[in-house]
Amino acid sequence: MAVLHLTKENFQKEVLEADVPVLVDFWATWCGPCQMVGPIVEEIADEVTDAKICKVDVDQQPELARQYKVMSIPTFLVFKNGEMVKRDMGYKPKDELLDLLK
C-alpha cells in the first residue's frame, strides 16, 4: 500500500480510527534526514500489509505537528487503537522503523 499523506481533515479517520497499527512520519521538504529516510518509509509502505504508513508535512500541517508536540523532524509516531504508543526521532534504518510497528 502506498504512503498515505495526512491532513488535519483525514487524521482522525485514517489514524485514530484505524483498525491496524499506524506509523506516522512527521517530515519537511527542506529537512536533510527526512529526505534520507523518505525512500525507506516508501519502501516499508509497499511491503507492510498489516499496518498503515503515513506522512505529515509539518509545513503544510502545523496544527498536527503542534498537537503531537513535534519539535524535531523527522519524528515517527506509532498509533494503536487510537492511542500513541511509541515516539522516535531522527534518521532510522529500515529495521528500526519496522521494529517501531511491533
Side-chain angles (χ1 to χ4, degrees):
M1 187 166 37
V3 169
L4 182 63
H5 293 273
L6 298 173
T7 64
K8 63 183 183 203
E9 290 78 21
N10 70 356
F11 194 90
Q12 174 79 28
K13 177 181 180 289
E14 298 295 347
V15 177
L16 303 180
E17 296 174 9
D19 54 3
V20 294
V22 183
L23 173 69
V24 182
D25 172 13
F26 285 83
W27 71 288
T29 56
W30 48 263
C31 164
C34 299
Q35 297 305 320
M36 290 169 48
V37 80
I40 298 169
V41 172
E42 298 279 344
E43 191 177 313
I44 290 171
D46 290 338
E47 294 174 6
V48 172
T49 57
D50 57 349
K52 277 188 190 180
I53 310 300
C54 304
K55 295 182 81 146
V56 173
D57 183 327
V58 298
D59 289 332
Q60 294 180 7
Q61 301 298 320
E63 304 90 350
L64 285 174
R66 254 192 314 280
Q67 181 178 351
Y68 288 97
K69 298 177 176 49
V70 173
M71 301 295 178
S72 160
I73 53 173
T75 290
F76 299 96
L77 304 181
V78 176
F79 291 82
K80 291 183 181 174
N81 301 317
E83 297 292 320
M84 184 179 61
V85 295
K86 292 183 185 170
R87 170 188 287 264
D88 210 339
M89 289 176 271
Y91 173 84
K92 300 282 173 237
K94 184 177 179 179
D95 60 329
E96 288 185 34
L97 288 175
L98 287 169
D99 283 347
L100 287 175
L101 286 167
K102 293 180 180 162

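Atom set for the values below is all heavy atoms of this structure, side chains included, hydrogens, waters and symmetry mates excluded. Counting begins at 1 with the first residue of the sequence.
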Exercise for review: Keeping the roles fixed (side chain from N10, backbone from T7), state whether a donor-acceptor pair exists under 3.5 Å.
Suggested key: yes
Point to revise | Side chain proximity check, I73 to W30, heavy atoms < 4.5 angstrom | key: yes
Review point. Looking only at heavy atoms, which two atoms of P33 and Y91 are closest? And how far apart?
Key: O-CD1, 4.2 Å
Review point. Hey, what do you get for CG (L100) to CG (D95), rounding to the nearest 0.5 Å?
Key: 10.0 Å
Point to revise | Separation of R87 CZ from K69 NZ (nearest 0.5 Å) | key: 8.5 Å
Practice item. Output the distance between atom CZ (F76) and atom CD (E96), rounded to the nearest 0.5 Å. Key: 10.0 Å
Review point. Taking E42 for the side chain and V3 for the main chain, is one N or O donor matched with an acceptor at less than 3.5 Å?
Key: no
Review point. Nearest heavy-atom pair of P74 and V37: which atoms, and what distance?
Key: CG-CG1, 4.3 Å
Point to revise | Same cluster (ILVMFWY, side-chain, under 4.5 Å), L23 and I40 | key: yes
Practice item. Over all heavy atoms of both residues, which pair between K52 and K13 is shortest? Give the atoms and the distance, please. Key: NZ-O, 4.5 Å
**Study point:** Flag side-chain contact, heavy atom, 4.5 Å: Q35 against W27
**Key:** yes
Review point. Is the backbone N or O of L97 less than 3.5 Å from a side-chain atom of K92, with the two atoms forming a donor-acceptor pair by type?
Key: no
Review point. Mind checking whether F26 and I53 sit in one hydrophobic cluster, side chains of I, L, V, M, F, W, Y counted as touching below 4.5 Å?
Key: no
Review point. Between L6 and Q61, what is the shortest heavy-atom contact and its length?
Key: O-CG, 3.7 Å
Point to revise | Over 12 non-hydrogen atoms of neighbours within 6.0 angstrom of CD in E83 | key: no
Review point. Is it true that Y68 and V24 fall in one hydrophobic cluster, defined by side-chain heavy atoms closer than 4.5 Å?
Key: yes
Practice item. Report yes or no: do L77 and L4 belong to one cluster of Ile/Leu/Val/Met/Phe/Trp/Tyr joined by side chain heavy-atom distances under 4.5 Å? Key: yes
Review point. Is the count of non-hydrogen atoms from other residues, nucleotides or ligands lying under 6.0 Å from D99 atom CG greater than 12?
Key: yes
Review point. Is the backbone of E17 close enough, under 3.5 Å, to the side chain of Q12 for a donor and an acceptor to pair up by distance?
Key: no
Review point. Is M36 linked to V41 within one hydrophobic cluster, defined over Ile, Leu, Val, Met, Phe, Trp and Tyr using a side-chain heavy-atom separation of less than 4.5 Å?
Key: yes
Check your understanding: Looking only at heavy atoms, which two atoms of K94 and E43 are closest? And how far apart?
Key -> NZ-OE2, 2.6 Å
Check your understanding: Is there a donor-acceptor contact under 3.5 Å from the side chain of K80 to the main chain of V85?
Key -> no
Exercise for review: Determine the minimum heavy-atom distance between D46 and A2, stating which atoms define it.
Suggested key: OD1-CA, 4.4 Å
Point to revise | Test item: L98 and V48 side chains (from C-beta on) under 4.5 Å apart, heavy atoms | key: yes
